[in-house]
Amino acid sequence: MSFGQAIRLFYSNYFNFSTRTSRSGYWWVTLWQIIVMAIGGVLMTVAPALGAIIYFGAAAVHFIPGIAISSRRLHDTSRSGWWILIGFVPLVGPIIILIFMLTGSTPGENDWGVTDA
């Protein structure tokens, strides 16, 4: 999956918690979110008001679809989207989530359909 395809799917599946997202799709979107937040962070040092609007606006706009794409990525590894809650466990939770996001896709079809890649 290309960068552009991943971003298009990210925004078109804003509230979709029920299908699958490939590993590349998830990581392209993660890169996109880092870029947008970094631009907002840099702008906060140059133009604080504009930077804050971009930074916090992007955080607000990406909150729900960020949870949705994480849930779809977990589905792609044959796990329930509810596994995202393990990220709240101090120290080990984020490491477990990272491992899940790095895990390869389940080949073929699983309970959540066929992957988007």
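Source: prediction; values computed, not measured.
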Practice problem: Scan for side-chain hydrogen bond (donor to acceptor under 3.5 Å, both in side chains) pairs involving residues 47-60, sequence neighbours excluded, and state none if there are none. | Solution: none
Quiz prompt | Selection residues 96-105 - residue pairs positive for side-chain hydrogen bond (donor to acceptor under 3.5 Å, both in side chains), sequence neighbours left out | solution = Asp76-Ser105
Quiz item: For the residue pair Pro94 and Gly87, what are the closest heavy atoms and their distance?
Solution: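 So the minimum-distance heavy-atom pair works out to CD-O, 3.7 Å.
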Self-check item: For the student: nearest non-hydrogen atoms of Ala6 and Gly25, plus distance
Solution: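 It is CB-O, 3.8 Å.
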Quiz item: In terms of hydrophobic clustering (I, L, V, M, F, W, Y; side-chain heavy atoms under 4.5 Å; direct or indirect links), are Val61 and Phe63 co-clustered?
Solution: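 They do share one cluster, since a chain of ILVMFWY contacts under 4.5 Å joins Val61 to Phe63.
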Quiz item: Quick one: do Phe17 and Trp82 end up in the same hydrophobic cluster if we chain Ile, Leu, Val, Met, Phe, Trp and Tyr together by side-chain heavy atoms under 4.5 Å apart?
Solution: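 No; tracing contacts between hydrophobic side chains, which count when under 4.5 Å, never links both residues.
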Any heavy-atom pair between the side chains of [Y] and [X] that's under 4.5 Å?
{"X": "His75", "Y": "Arg20", "answer": "yes"}
{"X": "Ile69", "Y": "Asn13", "answer": "no"}
{"X": "Ser71", "Y": "Leu74", "answer": "no"}

Rounded to the nearest 0.5 Å, how far apart are [atom1] of [X] and [atom2] of [Y]?
{"X": "Trp112", "Y": "Thr21", "atom1": "CH2", "atom2": "OG1", "result": "13.0 Å"}
{"X": "Ile96", "Y": "Ile84", "atom1": "CD1", "atom2": "CD1", "result": "12.0 Å"}
{"X": "Ser18", "Y": "Arg72", "atom1": "OG", "atom2": "CZ", "result": "8.5 Å"}
{"X": "Asp111", "Y": "Arg79", "atom1": "CG", "atom2": "CZ", "result": "13.0 Å"}

Anything under 3.5 Å between a donor and an acceptor, one on a side chain of residues 27-44, the other on a protein residue two or more places apart or in another chain? List them.
{"residue": "Trp27", "atom": "NE1", "partner": "Met101", "partner atom": "O", "Å": "3.3"}
{"residue": "Trp28", "atom": "NE1", "partner": "Met1", "partner atom": "O", "Å": "3.0"}
{"residue": "Thr30", "atom": "OG1", "partner": "Tyr26", "partner atom": "O", "Å": "2.9"}
{"residue": "Trp32", "atom": "NE1", "partner": "Tyr11", "partner atom": "OH", "Å": "2.9"}

Quiz item: Between His62 and Phe10, does the ring centre distance come in under 6.0 Å?
Solution: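 Judged by ring-centre distance (under 6.0 Å), His62 and Phe10 do meet the cut-off.
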Quiz prompt | Partner residues of Ser2 under the side chain to side chain donor-acceptor pair (under 3.5 Å) criterion, sequence neighbours left out | solution = Gln5
Practice problem: Please list, chain by chain and in numerical order, all residues satisfying side chain to side chain donor-acceptor pair (under 3.5 Å) with Asn110, sequence neighbours excluded. | Solution: Ser78
Self-check item: Passing candidate, side-chain contact (heavy atoms from CB on, under 4.5 Å) with Ile95, options Leu91, Ile99, Ile97, Leu98
Solution: Ile99
Quiz item: Considering residues at least two apart in sequence or located in another chain, which fulfil the ring pair (Phe, Tyr, Trp, His ring centres under 6.0 Å) criterion with Phe100?
Solution: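 Ring pair (Phe, Tyr, Trp, His ring centres under 6.0 Å) list for Phe100, sorted by chain: Trp83.
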